[in-house]
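In what follows, a single structure is set out as structure tokens and then discussed.
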2 protein chains.
Amino acid sequence: MTPPIRILLADDELLIRTALSQMLDLEPDLDVVAEAPTGTLAVPLAIKHAVDVAVLDLQMPGLDGIAVAEELAEQLPDCRCVIVTSHGRPGHLKRALAAGVRGFLPKTTSAATLAAVVRSVHDGGRYVDPELAAEAIAAGDSPLTPRETDVLELAASGAPIDEIADRASLSPGTVRNYLSNAMTKLDAANRHEACAIARRLGWI
Amino acid sequence: MTPPIRILLADDELLIRTALSQMLDLEPDLDVVAEAPTGTLAVPLAIKHAVDVAVLDLQMPGLDGIAVAEELAEQLPDCRCVIVTSHGRPGHLKRALAAGVRGFLPKTTSAATLAAVVRSVHDGGRYVDPELAAEAIAAGDSPLTPRETDVLELAASGAPIDEIADRASLSPGTVRNYLSNAMTKLDAANRHEACAIARRLGWI
DNA sequence: TCGGATTCATGACGTTTGTCATCGCGAGGT
DNA sequence: ACCTCGCGATGACAAACGTCATGAATCCGA
């Protein structure tokens, strides 16, 4: 008889975390040994309990799920990561895969799937929600340069050019050029539409 | 011995729905008799099963939690509604209360609280998360007129004035006036910042 | 080592926004 | 009856924004 799989569960919503934890614990071969309400707390906890699999919510205060996966890849390389998310943006999937994440699935999947993915990932397998995978392939890669992405991110709050320039330590003219480039690449009529598009695709 | 409380659970995320359902079912006096993945399906299901309490996620495709509560208030007046949400915006709380919702809590609360609120609400009590209540009081009422709200909502997608005017069947000049008014009232530097503020407060 | 991409900048130009004054109309309150 | 408020519109003006041409420095891969 193999020992149960040791799991860390990270999600900022206590209600969801407890519910999910109880549900996974119902499986005899799964054992939730640690829970974290933030990404920042998740890393040391995973190490301390030497968990086999980390089930990470994507959007959390502090470190997000992908950042946690990156940290764990370095500090606890034997730990496999599964990302669970409400909003399945193509860009997120790509970043997650690049971070060495082994499983990626939306919260709309069934409980049985989650348990199956945890087991499969623990055995060295991989799993990506087919729908999300298709979207990611269809969306392609971000056409934005790193700096364009930065600037667009700053623009997302709705700040005027001068403030963006200030926060990015750039001249206002440069900011406008970057935004103009981004708008062209994203085929948007103005920078706010560009933000909306980039956000939808997970590029910012 | 009183019969168990009959519950409908509506949430678009299957994983969360099952987890929450299992968790509530663990309580001997609570009985989840129906589950719905959308608001549209929730209403007839609640009626069919004559549920005592409806636990509704706020953000769902189709009818959102508040809309469901409004429907149920008409069609199944004996049913009490509890709203559960990830994003606790002050405006949503107000709308919910106006719709006759008896319980309102964020997903960051504990499982014990949820169960307690379901029981309390079933007995005719009310419960609002204290933090959210404080925020709602601090934020005050929306200063926007209905039409200003409409236009701001259309502006939220990042569309240019002409498109907004088109979709609202207004002249472009009128749209600019409404947006200008909204910006003044919300103390924003441009309409996109105004959208961000209004969204944060749950006014759009 | 050479070309290409990225980063940062400037100036000029036209368009889009934001602001303000002003108007008419209808609904609601005192 | 009067006044206020919300709704819808116009026109004029200034500021912000988007576009384009252009240039220089850096870095990276062929």
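Naming convention: chains lettered A, B, ... in sequence-line order (proteins, then strands); numbering from 1 in each chain. Nothing here was measured: the structure is a model prediction, and the numbers come from that model.
Across the helix from C:dT1-D:dA30 to C:dT30-D:dA1, the helix axis at one end is tilted relative to the axis at the other end by 40° (nearest 10 degrees, each axis from five pairs).
Closest approach of A:Asp31 to A:Pro4, counting heavy atoms only: CB-CB, 4.0 Å. Considering every non-hydrogen atom in both B:Ala69 and B:Val101, the closest pair reads CB-CG2, 3.6 Å. Considering all non-hydrogen atoms of both residues, B:Pro143 and B:Leu186 come closest at CG-CD2, 4.3 Å. Nearest heavy atoms, A:Asp12 versus A:Gln59: OD1-O, 3.6 Å. For the pair B:Leu30 and B:Ala115, the tightest heavy-atom approach, listed with the atom from each and the gap, is CD1-CB, 4.1 Å.
Contacts with DNA chain D (heavy atom under 4.0 Å) in residues 165-191 of chain A: A:Arg176, A:Asn177, A:Ser180, A:Met183, A:Asn190, A:Arg191, listed by number. A heavy-atom distance below 4.0 Å to DNA chain D is reached by none of the residues of residues 153-164 of chain B.
A heavy-atom distance below 4.5 Å is not found between the side chains of B:Glu35 and B:Leu8. Looking at B:Ser86 and A:Glu13, their side chains come closer than 4.5 Å, going by heavy atoms from C-beta outward.
Side chains of B:Thr174 and B:Ser171: a donor-acceptor N/O pair is present below 3.5 angstrom, by distance only. Judged by distance alone, the side chains of B:Ser157 and A:Glu193 never bring a donor and an acceptor atom under 3.5 Å apart. In the model, B:Ser110 has a side-chain atom that pairs as donor or acceptor with a side-chain atom of B:Thr113 under 3.5 Å.
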